[in-house]
Amino acid sequence: MDLQLKSALNDKQYIAASTSSGPVLIIAGAGSGKTRMITYRIAHMLECGISQSNILALTFTNKAAKEMTERVRQLTGEKLPKLTTATFHAFGAAILRSEIHYLGYDDNFTIYDQADKISLIKNVVRELHIPLEQIDLYELDNLFSSIKTNRSGWSTETSRYKEIYEEYLLQIKAYNAVDFDDLIMLPIKLFEEVPALLRKYRERYQYIMVDEFQDTSLAQYRFVHLLSQEHRNICVVGDDDQSIYSWRGANYENIVNFERDFPNFKEIRLEQNYRSTGNILQAANALISHNTKRKEKQLWTGTEKGRSIALFHPDDEDHESEFICTKIKELAFEQGLSYDDFGVLVRTNNLLSSLEQTFIQNQLPYTISGGKSFFSRKEIKDIIAYMRLLTNPDDNVNFLRIINTPRRGIGRVSLESLRSYARSHELSLFSAVTKLSLDMNAPIKDRLRQMCCSFTEMIECYKTKLFSRQPMAKTIRALIGDIDYRGHLISEHPDNERLVQWKMKNVDLFLQMFERWEKNPDNIHPNIYEYLNRISLTSKVETDKEQGKVNLMTIHASKGLEFDTVFLAGVEDHIIPHARSIQENEQSLEEERRLFYVAITRAKRSLYMTSCKQRKVMRETIATVPSRFLEEIPQGLISHIDEEIETSDEEAADLFAQLRAKLAT
DNA sequence: CGCCAAATTATTTTT
DNA sequence: TAATTTGGCG
C-alpha cells in the first residue's frame, strides 16, 4: 500500500491526515474535502502500523459510519473487520450490550426510540391521574432528555413534572429498557463506577476521531474525553457554521471545551472549497457572516464564478413542484445530467409530500430519505413489538402495543384489571398475564383468562422457536401468519384494499431485510438482540445512493452530501427560518441561518431557490413572505426567473431543434 | 365491556 | 391529511 499522501492532498489536508498522535482540532469548512482527509488519515494510521482495532471513529449517522469504513477499505484494499466506526449511540449500545449487567440491567435490554419513550411517558402520566390535555408529551420528552444529560436542572416551571420523570425512570428500568440518552449516559456511568472497564476501553481505543464535532452534545463530549484524556490521541473535525442540531443537545461550545481540556492541541483549518462555484460560495459566505457567534473564516475557491443563483416565485406549492420537475427534466436533457445529480432540499418533512406527488405524476424517478421512516410505520412497529416482547418479556410498552393487536377482546377495562394485578404482585404485564392464566383463583373473568392463556401460549411457543436453530425470519413470518396480521389490517381498513396490500408489502420487505441480515456471512453475531438494537438506532433504511433518481430530502438529511444542482424549495419566512425559531430567540434564528448555509453549500454548480406566493397550511391557503435570509445574499448573485414555467414557445421550439439535431448526427 | 364511527388535533429538524 | 381519542351503541 502506498498512499502518496502528499500528492493526494493539499498542504493543510496533508498535515491533518499525517498527524496521528496528540490532540488535533480540525476546522473544516463546507466542501473542503473533509471526508477525503479523514479517509486518508485513517489509512495513514494503518500504514504506520497502528492496529485497526485500536482506532475508533465516531460519526453522526450510521450511513456516514458505513461510508467511512467503505472508503478506507477501498483506499487500503483491506478488509477491516476490527476497525470501529460507529455513531455515538451505536457505540454506546455496543458497550452496554456486553457490560450493562454491572448496572443491574439484563443484557437483553430493549432500546426505546422516541415513539416508545413518548408512549411510556403517556402511560406514566395516566397512571398518575394527571389530565392528558394539560401535558405536551413532546415537551416532556425534551425536558427529560435535558435533565438526564445534565443540560439543565429543574426550574420552577418544570419542577411540577419531576414526579412524572421519577416514575418514568423507575418504569423504564423495570422494563429493562434504555432510551437514547441512556446510550451515552450509562456508558459514562460504567466508566466512572467501574475503573477496570474504563481502563479496558482506554487500552483498546488508543486513537479516537470524532467527525461532525460541532454536533456533539456535552454528554458525548464527556464520553470521548473520558476515553481519550490519558493517551490524548484525539482528533475532532467540525465546522461551527454547520452546527444544526442544537435542539438535540448539540453544543458547539465543545470546541472551546476541547481547547481547554487538551492544551497544546494542533489546530488545522481547511478553508479551500473544492465543491462549489464562486457565486454559490460567495452567497454562502455573505449569508453566514450575519451570524455573531462563530469562528471567523473565509472559504475560498480556485474555480470560476459559475452561473448565478436562480430565484423563482411560484404561485403555490403545486406550481412550485411543477416548476422543479420541469426544470429538472429540462436541465437533465440540456446539460446531460443524470437524475441523481439533482438534490431537492426542504426545511420540513411535510414539504416533501407535495413534491413527491408531483414527481409521481411526472414519472420522474426519485428517492426520498428522511421522511417518515420505514421502521416507524405502524405495521413495522407492530411486528417489531412482537419481536421485542419475545426477547424481553419485561417490556411493558411493547406488550401494550400488541396485547390487543390484532383484537383479542382485551379492551380498556380488562387491561386495567391486568394492570392492577401486575402492580400488586410487582410483575411485568407479561408475567402477570402468564400467572393469571394459570391461577384459577385470580379475580378475573373466565373469558379474559381464556384470552390470556392463548396469548401466553402463543408467545412461549414462538419464543422457543426463535431460540432454536431455525431461521429467525421464518419464525417471525410464521408468527405473522398465525396472528392473521393481514386479517387485522383488513379489519382496520375495510374500504381500502390498496392500503392493506401496501402495508403487507412493507411487512414482507421488513422480513426480507431481516432474512438478508440473518444470512449475511459477514455477520459475526446474528442474534436477534443485535438486530433489534440495530434497527432501533437506524431510523431510516440505508438507501444506497440510487442511480438515476432525484434525491429528495430535508436539509438536515443533506448534511455531508453534495449535488451538481440543488433546488431549495419553500424559501419562505416561517419555513426557513421556521416559525418556531422566529418566536424563540436570536440563537435559534442563527441556527436557521446555518441550516440555510448548509443547504446552499450542498450545490456544486447550480442553485435554484423557490419561494411561493401562497401556500396551503392546514387546509387553508395563506399568503407567504420570502425568507428574510434572501436579503442577506448580495442581490447581484441572484437572477430572478419570471413566469416561464411552461417553457415559452420559442424555447420549446429551440429545444426541439436541438433534439432533432442530436438525432440527425 | 368491547368496538365502531365520528370528532379532534397536530405538524421541525433525528440518534 | 392521517392518526389518535372520545362517546355512544350493541
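Bear in mind that the values here come from a model prediction, so they are computed numbers and not experimental data.
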* A:Lys148 pairs by salt bridge (Lys or Arg N to Asp or Glu O under 4.0 Å) with which of A:Asp182, A:Asp181, A:Asp141? ->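 Result: among A:Asp182, A:Asp181, A:Asp141, A:Asp182 is the only option passing the salt bridge (Lys or Arg N to Asp or Glu O under 4.0 Å) with A:Lys148.
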
* Donor-acceptor pair between A:Asn291 and A:Asp241 side chains, under 3.5 angstrom -> no

* **Donor + acceptor pair across side chains of A:Asn551, A:Tyr366 (<3.5 Å)** =>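 Result is no, nothing qualifies.
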
From the set [options], return the single nucleotide nearest to any side-chain atom of [X].
X: A:Thr554; options: B:dC4, B:dT15, B:dT13; value: B:dT13
X: A:Val413; options: B:dT14, B:dC3, B:dG2; value: B:dG2
X: A:Arg126; options: B:dG2, C:dT5, B:dT14; value: C:dT5
X: A:His556; options: C:dT4, B:dT14, B:dC1; value: B:dT14

* Would you say C:dT1 has OP1 or OP2 under 4.0 Å from some side-chain N or O of A:Lys616? ->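 No, no such contact exists.
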
* Would you please confirm or rule out a distance under 4.0 Å between OP1 or OP2 of B:dT14 and any side-chain N or O of A:Asn349? => yes

Rounded to whole angstroms, how far apart are [atom1] on [X] and [atom2] on [N]?
X: A:Glu592; N: B:dT13; atom1: CD; atom2: P; value: 11 Å
X: A:Phe223; N: B:dT15; atom1: CZ; atom2: C1'; value: 14 Å
X: A:Arg412; N: C:dG7; atom1: CZ; atom2: P; value: 10 Å
X: A:Asp141; N: B:dT15; atom1: CG; atom2: P; value: 14 Å
X: A:Ile410; N: B:dC3; atom1: CD1; atom2: C1'; value: 15 Å
X: A:Asn350; N: B:dT9; atom1: CG; atom2: P; value: 20 Å
X: A:Ile244; N: B:dT13; atom1: CD1; atom2: P; value: 12 Å
X: A:Leu345; N: B:dT13; atom1: CG; atom2: C1'; value: 13 Å

For [X], answer base if it contacts any base atom (sugar-phosphate contacts may also be present), sugar-phosphate if it contacts only those atoms, and nothing otherwise; contact means non-hydrogen atoms under 4.0 Å.
X: A:Tyr138; result: base
X: A:Lys122; result: sugar-phosphate
X: A:Asp113; result: nothing
X: A:Phe88; result: nothing

* **Option among A:Lys117, A:Gln114, A:Arg151 that satisfies the side chain to side chain donor-acceptor pair (under 3.5 Å) test with A:Ser145** => A:Arg151

* Of A:Asp215, A:Thr554, A:Thr61, which meets side chain to side chain donor-acceptor pair (under 3.5 Å) against A:Lys559? -> A:Asp215

* To do: Using the six-membered ring for Trp and the full ring for Phe, Tyr or His, decide whether A:Tyr245 stacks on the six-membered base ring of B:dT13 (centres under 5.5 Å, planes under 30°).
  => no

* 5′-ward residue of the pair A:Arg407/A:Thr348 relative to DNA chain B ->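 The 5'-side residue here is A:Arg407.
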
* Taking the nucleotide of DNA chain B with the closest heavy atom to each, which residue, A:His578 or A:Gly409, is nearer the 5' end? ->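 Result of the comparison: A:Gly409.
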
* To do: Could you let me know what C:dT6 is paired to, Watson-Crick or G-U wobble, both distances under 3.5 Å, or none if it's on its own?
  => B:dA5

* **Residue A:Gln450 excluded, over 12 heavy atoms near CD under 6.0 Å** =>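 No - once you tally the heavy atoms of other residues, nucleotides and ligands closer than 6.0 Å, there are 12 at most.
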
